[in-house]
Amino acid sequence: MIARVIVDVPSRQTDRPFDYEVPEELAGWVEPGSRVGVPFGGRVVQGFVIATAEQADVDRSKLKPIAELLDHMPPLSPDLIELGQWISEKYCCPMTVALQAMLPSALKGKAESYVAIAPDKAEAALFEADWMNYIRQQGGETKLASLQAKFPDAAREVKAAIAEGRLTERAAIRDRLSVRKVLTVFPPADREEAELALTAIPARAAKQREVLRYMIGQEDPIPLQALIETLSTTSSTVRALADKGLLVMQEVEQNRDPYAGRSFRRTEPLTLMEGQQKVYDQIADALDVAEPRVFLLHGVTGSGKTEVYLQAIEHCLDLGKQAIVLVPEISLTPQMVERFKGRFGHEVAVLHSRLSGGERYDEWRKIREKRARVAVGARSAIFAPFERLGLIIIDEEHESSYKQEESPKYHARDVAVRRAKQHGAAVVLGSATPSLESYTAAALTNASSDGRGAALLPMPERVGGKPMPPVTIVDMREELRGGNRAMFSRPLYEGLKLRLERGEQSVLLLNRRGYSTFVMCRACGYTAQCPHCDIALTYHQKSRVLRCHYCGHAEGSPTACPSCESEHIRFFGTGTQRVEEELSKLFPGIRVIRMDVDTTTEKGSHEKWLTMFGERKADVLLGTQMVAKGLDFPYVTLVGAIAADTSLHLPDFRAAEKTFQLLTQVAGRAGRHRLPGEVIIQTYNPEHYAITTAQHHDYDAFVKEELSHRRQMAYPPYCRLILITLSHEQLPQVINAGDKLAGLLRQSAEEAGAGGGGFNSRFIEVLGPVASSIPRIKDRYRFQCMVKYRGNVDAVGIVRVAVAAVARPQDKASVQISVDVDPQVIL
DNA sequence: CGAGCGTGTGAA
DNA sequence: TCACACGCTCGG
């Protein structure tokens, strides 16, 4: 038998299957999806079997055998292999990168070298070197790495021994992590016999007696460690009993359950409101017919989307299928997990980035081994290895965290639609502020109603008929004219004061971390820049350093201008740290929790701060966009956006969309319960449509305006985009490669017969090369080309060919090229 | 990507 | 004449 193997060497020229002989003894074990170790170019690497065959692609004598099989159960199923193929094509990445992205990183094995004493040379005891003795002690074989560590000076001798054949070398793939095993003690099988034996234990072995007596009274096996602790004894006592055959000790597989010891209160389905019921019925119908469908659930904040999700999942499980729920990383809080665990108990597997590698692996195995039927997780949970997928829910579908920034640069929404197609599953995209891509897909579908695309499910009312909180826009230019130069406008100041007096809570949003955004000399105009990136340094008050938010570079803050030596060097712009300081000045004794990347890097800290806030141990929750999402606290009655414009002027065609979404989301945090809420937005652009429409919670008005802008500028959803970024340490190299790439792209575009310009059904246009918006990051210059296209054009294919041609000299000095396919309209 | 090989260069 | 450095090719 032949196996087609994708080797784990992520490069353009090895991105194709290689054929291997399947050894006789593995014939029944190796199947598509198996993970194997194979000899490749003089070493052993990890690989994935993507197919098996009888006939090889190449001369059979060239074939090498598979060296080892790495798992009993193939980690990939055929549908995931197919999905990997699709990802690799669509997002322009090597197949192995796509496949690896679908698995927990624990399954990324590295080759390890072992050396053994050659069997026929075993009598060569003449070699009484201490390293040789060491190998013998280890049972005749040991890791080369540990030999190197213990006997650093023996390198020459060991090498010689291998060369002469006195030692044999073998390579094997070792996983980063394995199943955790715990030594566990089992109660005696025959209690009467054990009782009898108890009397036979000598009087001086009091501890042994105690242990045995305890174990006789025990129903379940308990971990050795726990036993030792409860009876304050030692392992030798227990071992002695085991040696006498009175107790059994065994390695037992242990799941690292991140939610162990936490009980979740079981919840029952709630009665749905009329609006919810209508939406639920449509999803349930789709589940019954088991055809691929996409729904866009447009529900305002607080409209009860989650309950609809839960009941849809329940229906899906009743049909004998499984479900995936994606939520943005940031809202994977215990509260969120609790809702799912509360309804579906231990059948829920939770996958997110704050889990340790081992925990993540164990949750994944729970799915693979069919012990879980619901997966709740961030982006990568879309790859949960279910066999009969019935339903995929993507909550807050507009969130940008569904797009992976590293290769493979996939968008979970697009992958979800593709997976649903494979399984005949339904996709439910939920949001209060749907992305324009999804919204137009739904609008087009409803117009044509041919069953393809996305069906729109509106839920315009809040549960309990709660009104949306009133939103006040404060024009900061007016404030300035009125003589207020502070960061808080008078209305926001008054609002905060009132909340403090009433003992209510406030949430403040500022999309800039650090203390100040830039440092400038008032005398000569010098600004502190990062020496490695073309970006201003941010001052951090606590550590008193200037830090680059792109590469992490840090330097001491200057007291005098490094350029003109003037002392008029000042900090400008406002970051979260500065707001915190200002709050303490204005309201002495105020309790502020600041949440940004600087305060939430520690594991569990995010959760800790939110719990504190929920227990009303703080008056104000101040943070970057992470405070905008999914929080639900009854005593929050004021929400303030300190500088709504921060995200409005970013060099991104989605800037207005992101601003609208952020403001709408954060506004939804206020007054969700008994106490009425209020929202204050400070801005220098009070008449901008992203802000005025957010003020009135008017999604439709925003979309109308934004779509007309997109149409004018020919941006998505009116076209598709591919952004190609080139980077290199040397500027001329980047410019050169950029020109060459753009030339090739234009040539292919022309050959594709779709000339630029206009809105004809087929077009492709190449823009650039131009310097990227941040022209240098980490000492690398950056240029970019953009490909805009519409209709039936294989733009990704054209890009792939052009990139391959430019990146040909594959030494490490060559220009790095990254291809970023913009999330596409679902159809 | 990385091992191995061929070519070329330099020092004895 | 040999040692090593560099770059290219190829891997099953």
Side-chain angles (χ1 to χ4, degrees), chain A residues 1-27 29-70 81 84-85 88 91-101 103 105 107-115 144-145 148 155-156 158-160 162-163 168-174 176 406-408 727-730 733 737 800 803-819:
Chain A
M1 189 166 68
I2 307 294
R4 303 245 140 82
V5 176
I6 297 290
V7 292
D8 188 23
V9 178
S11 86
R12 214 159 272 120
Q13 38 264 299
T14 49
D15 189 23
R16 63 198 161 91
F18 287 85
D19 285 354
Y20 286 87
E21 183 82 52
V22 179
E24 200 68 28
E25 68 274 19
L26 289 181
W29 297 89
V30 171
E31 51 188 310
S34 293
R35 196 167 57 110
V36 292
V38 289
F40 188 75
R43 69 218 141 109
V44 173
V45 298
Q46 178 180 286
F48 293 98
V49 175
I50 56 158
T52 54
E54 288 311 315
Q55 208 53 51
D57 278 347
V58 290
D59 177 12
R60 219 175 161 119
S61 63
K62 264 176 88 179
L63 294 190
K64 288 186 181 170
I66 288 174
E68 58 175 333
L69 178 68
L70 298 173
I81 295 173
Q85 227 126 30
S88 142
Y91 300 105
C92 260
C93 73
M95 179 73 171
T96 181
V97 173
L99 294 178
Q100 208 75 67
L103 300 175
S105 54
L107 293 183
K108 189 176 168 68
K110 265 197 78 181
E112 235 171 27
S113 191
Y114 291 81
V115 286
L144 184 59
Q148 279 162 353
R156 193 164 284 267
V158 174
K159 275 189 202 162
I162 294 169
T168 55
E169 199 182 7
R170 179 176 74 89
I173 305 287
R174 211 184 61 121
R176 296 244 187 101
E406 308 85 53
S407 182
S727 74
H728 194 271
E729 287 170 21
Q730 310 281 314
Q733 311 257 37
R800 189 183 309 111
V803 166
V806 173
R808 178 142 26 230
Q810 65 271 16
D811 56 299
K812 45 189 171 294
S814 108
V815 176
Q816 240 181 55
I817 303 181
S818 113
V819 178

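When reading the values below, keep in mind they use all heavy atoms of this one structure, side chains included, and skip hydrogens, waters and symmetry mates. Order of the sequence lines sets the chain letters (A, B, ...), proteins ahead of strands, with each chain counted from 1.
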Describe the nucleic acid contact of [X] in one word from base, sugar-phosphate, nothing, applying a heavy-atom distance below 4.0 Å.
| X | value |
| --- | --- |
| A:Tyr20 | sugar-phosphate |
| A:Lys62 | base |
| A:Arg16 | base |

Atom-pair distance ([atom1] on [X]; [atom2] on [N]), nearest Å:
| X | N | atom1 | atom2 | result |
| --- | --- | --- | --- | --- |
| A:Phe40 | C:dG12 | CZ | C1' | 8 Å |
| A:Gln46 | B:dC1 | CD | P | 18 Å |
| A:Asp15 | B:dC1 | CG | C1' | 12 Å |
| A:Lys64 | C:dG11 | NZ | P | 9 Å |
| A:Asp8 | B:dC1 | CG | C1' | 10 Å |
| A:Ile2 | C:dG12 | CD1 | P | 14 Å |
| A:Gln13 | B:dA3 | CD | C1' | 14 Å |
| A:Arg12 | B:dC1 | CZ | P | 10 Å |

Donor-acceptor check, side chain of A:Arg35 to backbone of A:Leu107, threshold 3.5 angstrom: yes or no? yes

With sequence neighbours left out, what residues match A:Arg16 under salt bridge (charged side-chain N to carboxylate O under 4.0 Å, His left out)? none

Hey, could you give me the CZ/SG distance between A:Arg12 and A:Cys93, rounded to the nearest 0.5 Å? 11.0 Å

Kindly give the heavy-atom pair with the smallest separation between A:Glu112 and A:Arg174, and that separation in Å. OE1-CD, 3.0 Å

